Amino acid sequence: MTTIQVYNTLSGKKEPFEPLNGNNVLMYACGPTVYDLSHLGHARMALVWDVVQRYLRFSGYDVTYVRNVTDVDDKIIHRAKVMGVTPEQLAREYTYTFWHDMHCLNVQPPDYEPKATEFIELMIEFTKGLIDKGHAYVSENDVYFDVASFKDYGKLGKKNLDDLLVGAREQVRSQNDLSERKKNPVDFALWKGARDGELGWSSPWGSGRPGWHLECSTMTKHVLGETIDIHAGGEDLVFPHHENEIAQSEALHNAPMAKYWLHNSFVQVNSEKMSKSVGNFSTIQDLLAMFSPDTIRLFALQTHYRHPIDFSIESLSATRTAMARLLRAASYANPGTEDNGSKSKANVQTFGEQLLKQNKEQISRATADKHDPVKDETTTQFRQAFLEAMDNDFNTAIATSQLFQLADRIFQEEDKLKQSGYAQVFTQHARMLGLTLVDTRRHVDIAVSEQVLDLVLQLRQNARANKDYQTSDLIRKQLTELGINVMDITGGGTTWERA
RNA sequence: GGCGGCAUAGCCAAGUGGUAAGGCCGAGGUCUGCAAAACCUCUAUCCCCAGUUCAAAUCUGGGUGCCGCCUCCA
């Protein structure tokens, strides 16, 4: 099997990817906290790890991919209070919108999607274990992790405890209630006691809720195991979130939590991180109103996942133009449909049905070239360059550039059979990146259809004015067949409505 | 202050020792009733300075600018 190179945050280097247990890959990505609509930054995270798990499967690994949903957290509680709903209602609402966004973007569902609230009992067990081993202590109704008791603390985020203490002391001074409860300013909460009326679960330490980091440690352990292959997430989770997960899990298990720690970079706006707190975000739903899922995906994949992407409507528009070219190239895969396939036959299948079909048809690395309808220097070179790029720490920027180069070959090819063959190879590889290639070039929105109708009716009026009633009647008849009733108003003017 | 990262054409963006992928925009041409698409051609020596090397965007040192994390954050 060809070796994939991955950049491991833990070592700060690219390393050959070798799963711990033969062909099995256990992969966990930190999912969203569901307290609001997801924005492009969340989309990038989901898209990147979606492509990674797709590529690992393509490469022949038996992947178990887990992405959690954080459905209990301070932000959820605060937002719910503001909106006058319960935290459960709020979390469920935004879980649904997240799923909707993911489906629209053709992000494959993970194999398991644990929610924090489903693991409270096990988190309590986890905490007890840490207390028993002397890595955690109870303070009033809270439980804290004793950072000083874990000698490797800081190995992921490349921090040393002394430096952290200097900074932490100043922060804690401003929250002096906390400083009294913690032995050490950098200690973090495993369990937070609930104040009056606050959301809480009963525990040996009274009513309360888990600390943020605890859920990922617990769910990783119980869904996948004590040591997994890949733990992934956004760059901002390196410290303290993943650092604290490591501290908890490794202190309890005396075993590495994950072999590879992978992190994606941010989406920026004017060179500044896109985030809720800055307020410079574009929600996935807003963007989907303007751009196709494939455009958004291509936009994300044209930059390497460890580099920041600078977002602007202009650059997304540029990607839309580029995406149109890829769709045109793909349309040669099924000769004949280019010209007569637009008679709405393609729309019989729903988007969801198309995606399921595509996933079923997805090729694997071992058998990929056997399926090649055409096998020559072009396809061989293309595949080699494409796979080489993906093997090299999932370099989707190079992989997509190869798609453009193959697209050029498709356009140039005069032999129809070859052209179609190239286009099929093109399609297979584009779908490996999760591009749907659902042809959106002829999708017309309501505003445009209205204007087109106005135009047609204007032409009909012109015909009537010229007493060309044959033409004007033909137009009306055809529109009627489409379900559009055309009504001339006595005294001039025309209006229409759907029958 | 500590840690990490980035700086490549008008814009976006790959490339980490052997002489600059790809996308968008633009220019000229072919095709076309006109246009669009397609096709052909053209558009950079890589922030600055010094060094290592036969050879550097790519390594080393220094400088400048920008960003992220260290507090919730994908």
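First the proteins, then the strands, lettered A, B, ... as listed; each starts at 1. The structure displayed is predicted, hence computed values, not measured ones.
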**Student:** Ignoring the backbone of A:S277, work out which of B:rA74, B:rC72, B:rG68 is nearest its side chain.
**Tutor:**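 So the nucleotide nearest the side chain must be B:rC72.
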**Student:** Taking atom P of B:rC69 as reference, at what distance in whole Å does atom CH2 of A:W261 sit?
**Tutor:**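 Value for this atom pair: 19 Å.
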**Student:** Tell which nucleotide pairs with B:rU43, taking only Watson-Crick or G-U wobble pairs whose two distances are both under 3.5 angstrom.
**Tutor:**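 Because no pair has both required distances under 3.5 Å, B:rU43 counts as unpaired.
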**Student:** Rounded to whole Å, how long is the line connecting atom CZ of A:R306 with atom P of B:rC69?
**Tutor:**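 Going from A:R306 (CZ) to B:rC69 (P), I get 18 Å.
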**Student:** Look at the side chain of A:F266 and decide which nucleotide, out of B:rG68, B:rA38, B:rC70, has an atom nearest to it.
**Tutor:**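 Closest nucleotide among those given: B:rG68.
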**Student:** Show me, pair by pair, the donor-acceptor contacts under 3.5 angstrom made by side chains of residues 305-313 of chain A, not counting sequence neighbours?
**Tutor:**
unit_1 : atom_1 : unit_2 : atom_2 : d
A:Y305 : OH     : A:D393 : OD1    : 2.7
A:Y305 : OH     : A:D393 : OD2    : 3.4
A:R306 : NE     : A:D393 : OD2    : 2.8
A:R306 : NH2    : A:D393 : OD2    : 2.8
A:D310 : OD1    : A:S271 : N      : 3.0
A:S312 : OG     : A:S315 : N      : 3.1
A:S312 : OG     : A:S315 : OG     : 2.9

**Student:** May I have the distance from A:K75 (atom NZ) to B:rU71 (atom C1'), rounded to whole angstrom?
**Tutor:**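 Rounding to the nearest Å, NZ of A:K75 and C1' of B:rU71 are 11 Å apart.
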**Student:** Hunt down the Watson-Crick or G-U wobble partner of B:rG1, both distances under 3.5 Å, from any strand shown, or write none.
**Tutor:**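 Base partner found: B:rC70.
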**Student:** A:M274 has an atom CE; how far is it from atom C1' of B:rC67, in whole Å?
**Tutor:**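 Distance, rounded to whole Å: 15 Å.
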**Student:** What's the gap between B:rA20 and B:rC40 when it is taken at their C1' atoms, as a whole Å value?
**Tutor:**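 These two C1' atoms come out 23 Å apart once rounded.
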**Student:** Heavy atoms under 4.0 Å, any strand shown: does A:G41 hit a base, just sugar-phosphate, or nothing?
**Tutor:**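 The residue A:G41 makes base contact.
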**Student:** Could you tell me how far apart A:E414 (CD) and B:rA38 (C1') are, to the nearest whole angstrom?
**Tutor:**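 Roughly 11 Å, once rounded to whole Å.
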**Student:** Which letter, B, S or -, goes with each nucleotide of nucleotides 12-25 of chain B from 5' to 3', with contact meaning a protein heavy atom under 4.0 Å?
**Tutor:** -SSS-----BSSSS
**Student:** A:Q412 has a side chain; which of B:rC39, B:rG68, B:rC70 sits nearest to it?
**Tutor:**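 Closest nucleotide to the A:Q412 side chain: B:rC39.
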**Student:** Is a donor from one side chain sitting under 3.5 angstrom from an acceptor on the other, for A:D286 and A:T283?
**Tutor:**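 Short answer, yes.
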**Student:** Quick one: what's the B/S/- string for nucleotides 27-35 of chain B, heavy-atom cutoff under 4.0 Å, read 5' to 3'?
**Tutor:** ---------
**Student:** Give me the one residue out of A:T436, A:T400, A:D50 that meets side chain to side chain donor-acceptor pair (under 3.5 Å) with A:R297.
**Tutor:**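 That would be A:D50; it is the only one of A:T436, A:T400, A:D50 passing the side chain to side chain donor-acceptor pair (under 3.5 Å) with A:R297.
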**Student:** By the 4.0 Å heavy-atom rule, please label A:V267 as base, sugar-phosphate, or nothing.
**Tutor:**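 Base: the residue A:V267, judged by heavy atoms under 4.0 Å, touches a nucleobase.
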**Student:** Partner of B:rA38 by Watson-Crick or G-U wobble geometry, both contacts under 3.5 Å, or none?
**Tutor:**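 Base partner found: B:rU30.
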**Student:** By nearest heavy atom, map A:K158 and A:Q268 onto RNA chain B; which one lands nearer the 5' end?
**Tutor:**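 The answer here is A:K158.
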**Student:** Once you round it to whole Å, what is the distance between P of B:rG2 and NZ of A:K159?
**Tutor:**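 It works out to 12 Å between those atoms.
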**Student:** Would you mind classifying the nucleic acid contact of A:S312 as base, sugar-phosphate or nothing, using non-hydrogen atoms under 4.0 angstrom?
**Tutor:**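 Result for A:S312 = nothing.
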**Student:** Using the C1' atom as the reference point in each nucleotide, state the distance between B:rU45 and B:rA21 in Å, no decimals.
**Tutor:**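 It works out to 16 Å between them.
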**Student:** Find the partner of B:rA20: check Watson-Crick (N1-N3 plus N6-O4 or O6-N4) and G-U wobble (N1-O2, O6-N3) distances, both under 3.5 Å, and reply none if neither fits.
**Tutor:**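 Its partner: none found.
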**Student:** Measure from the side-chain N and O atoms of A:S217 to the backbone N and O of A:L214, and report whether any donor-acceptor pair falls under 3.5 Å.
**Tutor:**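 Flag not set: sc A:S217 to bb A:L214 has no pair under 3.5 Å.
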**Student:** Is B:rU58 paired to anything, Watson-Crick or G-U wobble with both distances less than 3.5 Å, and if yes, which nucleotide?
**Tutor:**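 Across all strands, not a single nucleotide pairs with B:rU58.
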**Student:** Taking only the side-chain nitrogens and oxygens of A:K273, find out if one of them lies under 4.0 Å from OP1 or OP2 of B:rC69.
**Tutor:**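 So the side chain of A:K273 is within the cut-off, an N or O lying under 4.0 Å from OP1 or OP2 of B:rC69.
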**Student:** Over how many whole Å does the gap from A:N160 atom CG to B:rC69 atom P extend?
**Tutor:**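 Whole-Å distance recorded here is 20 Å.
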**Student:** I'd like the P distance from B:rA57 over to B:rU52, given in whole Å.
**Tutor:**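 Approximately 16 Å lies between the P atom of B:rU52 and that of B:rA57.
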**Student:** Mind calculating the distance between CG (A:L316) and P (B:rC11) to the nearest angstrom?
**Tutor:**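 Distance, rounded to whole Å: 19 Å.
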**Student:** C1' atom, B:rU19 versus B:rG28: distance in rounded Å?
**Tutor:**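 Straight-line distance between the two C1' atoms is 29 Å.
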**Student:** Consider the side chain of A:H39, meaning its heavy atoms from C-beta on, and name the nucleotide among B:rG68, B:rC3, B:rA74 that approaches it most closely.
**Tutor:**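 Of B:rG68, B:rC3, B:rA74, B:rA74 is nearest to the side chain of A:H39.
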